[in-house]
Amino acid sequence: MAFLEFNQVSFSYPQEGRFALRDIQLGFSRDGITAITGANGSGKTTLTKLMIGVLRSTRGTVCLEGRSLEEYSLGEIGRRIGYVFQNPDLQFFCSTVAEEISFGFVNQGCRPETVEEKIQYYLDYFELGNYRHVFPLHLSHGEKRRLAIASVLATEPSFLILDEPTTGLDAYRKRLLADLLIKIAGAGTGISLVSHDQAFVNRLAERVITLEKGRVVWDSGEGRKHG
Amino acid sequence: MANLDPRTKMIMVVCLSILALLYNTPAQLFLLFVFTLMLLLFFNFRLNVIGVYLKPFLALMLFLFVVQCVFSPSGLSILSVGQVSLVTSGGLLLGSSMVLRIIVVTAAAMLFTTFSPRDFILGLVQWKVPYELAFMVFIALRFLPVFRDELVNVITAVQLRGVDLKKVPWKQKLDLYRRLFFPVVYGVMLKAQHLAVSMESRGFRAYPTRTYLRRLNLYYADYIVMVTFLAATITLIVMGP
């Protein structure tokens with residue numbers, strides 16, 4: 001049984017005549033890294049939003065650990081799946097960088113004596129130490145991207161979805177991110193990432209899914225072309 | 001007539017809102033509500049759409065209804081605990097009036113959605129309102145949904161970090177909302193600042209005069225509706241409750 005499963009899922013946005021996604025049949029396990037690629041508007045972000053229950057399918061069902069995603073609250077999904085938004089501004093809601101990183105694990109009952117240690121680890125790894133007390137929306141785009149990833153990774157989810165994680169990152173920081181994702185995947189966390197960065201995808205992804213006009217046209221996991 | 005000038009519709013909204021604020025009895029407000037409803041149906045609004053617009057105000061209406069019922073006691077006691085009257089006939093009437101007033105003002109404001117924001121600015125400018133002021137009003141209206149979206153995003157983001165808001169006790173929930181308030185408001189202010197920079201970099205207020213691609217024209221139907229609404233409103237106010 002796949003960790004996340006799409007069963008003939010179609011989705012259309014309200015007041016839009018056409019389907020943004022159509023007849024998606026996919027499974028995502030907690031093994032390795034899957035890349036979702038495709039041109040702008042092909043439905044990649046919509047697919048990831050369906051994976052975390054922010055959007056509900058128009059037809060078909062999305063299942064998480066064998067149960068329909070609709071049976072879960074967003075909080076329950078958030079404890080299993082970490083989601084890094086395409087636009088980092090949308091996911092910040094704390095007054096400082098340190099608070100943003102610690103929000104998830106503090107609310108999930110992390111022991112107080114380890115809180116500071118964890119904050120410091122992520123501040124150091126993502127080189128955000130100098131911005132510890134800075135308001136997150138005051139950071140540069142690249143720094144925001146790093147903070148968005150750090151704050152989601154800090155919750156240690158079972159599955160991680162990253163929407164365009166390399167946008168705004170320089171080559172050195174892309175390499176750092178890639179190393180960390182490989183390490184996390186090796187520790188048994190499933191990862192799906194949406195990216196236009198072909199070099200990043202080639203380095204990391206063991207499976208590549210390509211979308212075109214809302215349909216899966218290639219899934220290297222199945223080793224065959226669709227449609 | 002559904003294609004009335006935006007300015008005519010603005011006058012209609014102002015007249016309906018003034019009457020809603022001045023009327024005090026549920027009967028008067030109910031009649032005003034029926035009239036507003038008929039007007040909206042005339043402008044091709046579907047009843048379920050009106051319901052969607054009113055839904056966000058339900059909690060506020062319920063709260064104000066209860067507050068008016070309990071804290072404005074007068075008339076006959078309908079429900080009492082010991083010697084204390086909880087619900088009185090006067091309180092009930094005041095509560096109903098308050099709810100109906102909100103419904104009428106909200107329903108009337110829906111007329112604003114029947115024309116584009118661009119026409120709203122044009123209408124005000126042709127009434128000699130300075131463009132900057134008209135634009136500010138438009139932006140303020142535009143920022144209301146931005147503010148709502150911002151709140152929805154934050155609530156979603158909080159939950160996606162594993163917080164089950166439905167299961168969080170009320171005291172903790174209020175504390176969480178209190179902590180989120182400042183960053184959300186500040187985030188919207190930053191957006192407003194960016195918008196101002198973007199506008200100025202594209203020449204906003206750089207020259208004393210502006211060019212308008214089109215002009216709005218008032219037709220006979222507009223004058224008739226405007227005069228009728230203004231005359232009816234003044235008559236109703238002069239006649240008193």
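For clarity, every value in this text was computed on a predicted model and none was experimentally measured. Chain letters run A, B, ... following the sequence lines, proteins first and then strands; every chain starts at 1.
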With the side chain counted from C-beta on, respond yes when A/P165 and A/V84 share a heavy-atom pair under 4.5 Å apart, and no when they do not. no
For A/F105, which atoms come within 4.5 Å of any heavy atom of chain B: side chain, backbone, both, or neither? neither
Examine whether an atom of B/L165 lies under 4.5 Å from a heavy atom of chain A, and if so say whether it belongs to the side chain, the backbone or both; otherwise answer neither. neither
Answer key: most heavy-atom pairs under 4.5 Å with chain A among B/L176, B/L190, B/V168, B/T156 is B/L190
Could you check which of A/A154, A/S151, A/G104, A/G82 has the highest count of heavy-atom pairs closer than 4.5 Å to chain B? A/S151
Tell me, out of B/K167, B/Q159, B/E150, who's got the most heavy-atom pairs with chain A below 4.5 Å. B/Q159
Do B/Y131 and B/L124 have side chains that get closer than 4.5 Å, going by heavy atoms? no
Can you classify the ring geometry of B/F138 versus B/F135 as parallel (below 30°), tilted (30 to 60°) or perpendicular (above 60°)? perpendicular
So does A/T45 get a backbone contact from the side chain of A/Q86, meaning a donor-acceptor N/O pair under 3.5 Å? no
Looking only at B/V158, B/V184, B/N153, the option with the highest number of non-hydrogen pairs under 4.5 Å against chain A is B/V158
Between A/H138 and A/F92, ring centroids under 6.0 Å: no
